[in-house]
Amino acid sequence: MEVALKAMDALKNIRETRLSALRSPTEFFDYTRVSKPESFNVATQRITYNTRYFSGNYVIIIAMLSVYAVITNPLLLISVGFLVGGFMAINKWAPDPMQVGEHTITQKHLYTGLFVIGIPMLFVASPFATAFWILGASGVLILGHAALLEPGIESEYASVEGAV
C-alpha cells in the first residue's frame, strides 16, 4: 500500500513538472520551421532550446518507445511479470513460514526460488539490449527533432526575460 502511494506521488510529480510543459501537436510537428542548421553552434543552440521547450513531448516519446520495446519483446514482458508477480504473491500469501511435510519453507526460501528462476529468465530476455535500443532510438528522434526545428519567435523573448 505504501509503495503504491509513493508511485502515485511520483506520477503526480512527473505530471506536474514535465507534462505541464506539453506543447500542442501542431507546434511540435510544425514542418514549416524545419531547416538544416547552418553550423554546429546553431544546431547546439537549437538542441539546447528545444529540449527545454519540448521536454514534455520528449518524455511522451520516450514513454511510447519504452512501451513499444516491452510489448515487442514478449520474453522480457513475461520475465518482468513473473518477477514482479512472484514478489507480490510472496508478500501477500506467504508472510509466515509454512510447514510442508518435514520441511519449513520461509519467505527467504521462496525469494531464493523466485530469483533462481526469474533472473536467468530476465537475462535471456536481453533487458540491456532493450534499454540501449530505447536510449538510441529516443536519442536519434529527440536530437534530430531538436536540431532540425527552428526555435519559434518566443525564443527571442526568452533571452530578454532572462536578462531582466
Side-chain angles (χ1 to χ4, degrees), residues 1-31 33-34 43-44 46-149 151:
M1 184 68 170
E2 185 176 319
V3 173
L5 291 175
K6 287 181 181 179
M8 294 299 289
D9 288 341
L11 288 174
K12 185 184 286 187
N13 186 23
I14 288 172
R15 189 182 79 217
E16 290 171 357
T17 58
R18 291 286 182 194
L19 297 183
S20 65
L22 197 63
R23 306 295 175 188
S24 70
T26 55
E27 185 177 7
F28 187 71
F29 296 112
D30 188 6
Y31 63 89
R33 293 182 9 208
V34 172
T44 304
R46 286 183 184 183
I47 289 170
T48 302
Y49 177 77
N50 285 334
T51 51
R52 273 192 244 122
Y53 188 73
F54 291 113
S55 64
N57 298 68
Y58 294 148
V59 167
I60 297 282
I61 288 173
I62 293 169
M64 288 174 26
L65 286 172
S66 300
V67 167
Y68 173 78
V70 170
I71 288 174
T72 57
N73 189 348
L75 188 56
L76 181 63
L77 190 62
I78 290 168
S79 60
V80 168
F82 176 77
L83 284 168
V84 170
F87 185 76
M88 290 172 56
I90 290 170
N91 280 337
K92 184 173 183 177
W93 289 305
D96 300 322
M98 296 181 298
Q99 188 70 31
V100 178
E102 297 177 5
H103 301 288
T104 302
I105 300 175
T106 63
Q107 265 191 338
K108 184 178 178 181
H109 293 114
L110 293 173
Y111 285 129
T112 302
L114 177 68
F115 292 134
V116 163
I117 295 168
I119 297 299
M121 211 166 103
L122 186 66
F123 181 72
V124 169
S126 66
F128 296 114
T130 303
F132 284 121
W133 181 86
I134 293 168
L135 185 69
S138 61
V140 166
L141 285 173
I142 291 169
L143 291 176
H145 178 269
L148 294 175
L149 192 69

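Bear in mind the structure is a predicted one, so any value in this text is a computation, not a measurement.
- Separation of atoms CG (L148) and CG (L143) is listed at 10.5 Å; rounding is to 0.5 Å.
- Interatomic distance, CE of M98 versus CD1 of I105, reported as 5.0 Å (0.5 Å rounding).
- Closest of all the heavy-atom pairs between L83 and G118 is CD2-CA, 3.7 Å.
- For V124, the side chain to side chain contact (heavy atoms under 4.5 Å, CB included) partners at least two apart in sequence or on another chain are L75.
- Listed by chain and residue number, N73 satisfy the side chain to side chain donor-acceptor pair (under 3.5 Å) test with T130 (two or more places apart in sequence, or in another chain).
- Side-chain contact check for L76 versus P127: some heavy-atom pair is nearer than 4.5 Å.
- How far CD1 of I61 is from CZ of F54: 10.0 Å, rounded to the nearest 0.5 Å.
- Closest heavy-atom contact between I78 and M121: CG2-CE, 3.8 Å.
- Note on residues 71-127: pairs passing ring pair (Phe, Tyr, Trp, His ring centres under 6.0 Å), not counting sequence neighbours, are F87-Y111.
- Between A94 and L110, the closest heavy-atom pair is CB-CD1, 3.5 Å.
- Within the structure, no pair that satisfies the side chain to side chain donor-acceptor pair (under 3.5 Å) test touches residues 74-90, not counting sequence neighbours.
- Residues satisfying the side chain to side chain contact (heavy atoms under 4.5 Å, CB included) criterion with Y68, sequence neighbours excluded, are T72, W133.
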Without placing hydrogens or testing angles, list every side-chain donor-acceptor pair under 3.5 Å for residues 134-142, not counting sequence neighbours.
{"residue": "S138", "atom": "OG", "partner": "I134", "partner atom": "O", "Å": "2.7"}
{"residue": "S138", "atom": "OG", "partner": "L135", "partner atom": "O", "Å": "3.2"}

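- Side-chain contact between R46 and L149: absent, with no pair of heavy atoms (C-beta onward) separated by less than 4.5 Å.
- Every residue meeting the side chain to side chain contact (heavy atoms under 4.5 Å, CB included) condition with S24, not counting sequence neighbours, appears here in chain and number order: T26, E27.
- Residues passing the side chain to side chain contact (heavy atoms under 4.5 Å, CB included) test with V84, sequence neighbours excluded: V80, M88.
- Contacts of Q99 classified as side chain to side chain donor-acceptor pair (under 3.5 Å), with partners at least two apart in sequence or in another chain: T104.
- Applying the side chain to side chain donor-acceptor pair (under 3.5 Å) test to pairs two or more places apart or on separate chains, none has a residue in residues 112-122.
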Review point. Can you list the steps and then say if S66 with I62 is a side-chain contact (heavy atoms from CB on, under 4.5 Å)?
Key: CA-CA 6 Å; S66 300; I62 293 169; 4.2 Å; yes
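- From H145, atom NE2 reaches atom CD1 of I47 across 12.0 Å, with rounding to the nearest 0.5 Å.
- Separation of atoms CE (M64) and CD1 (I60) is listed at 8.0 Å; rounding is to 0.5 Å.
- At distances below 3.5 Å, at least one donor-acceptor pair connects side-chain atoms of R23 with backbone N or O atoms of Y53.
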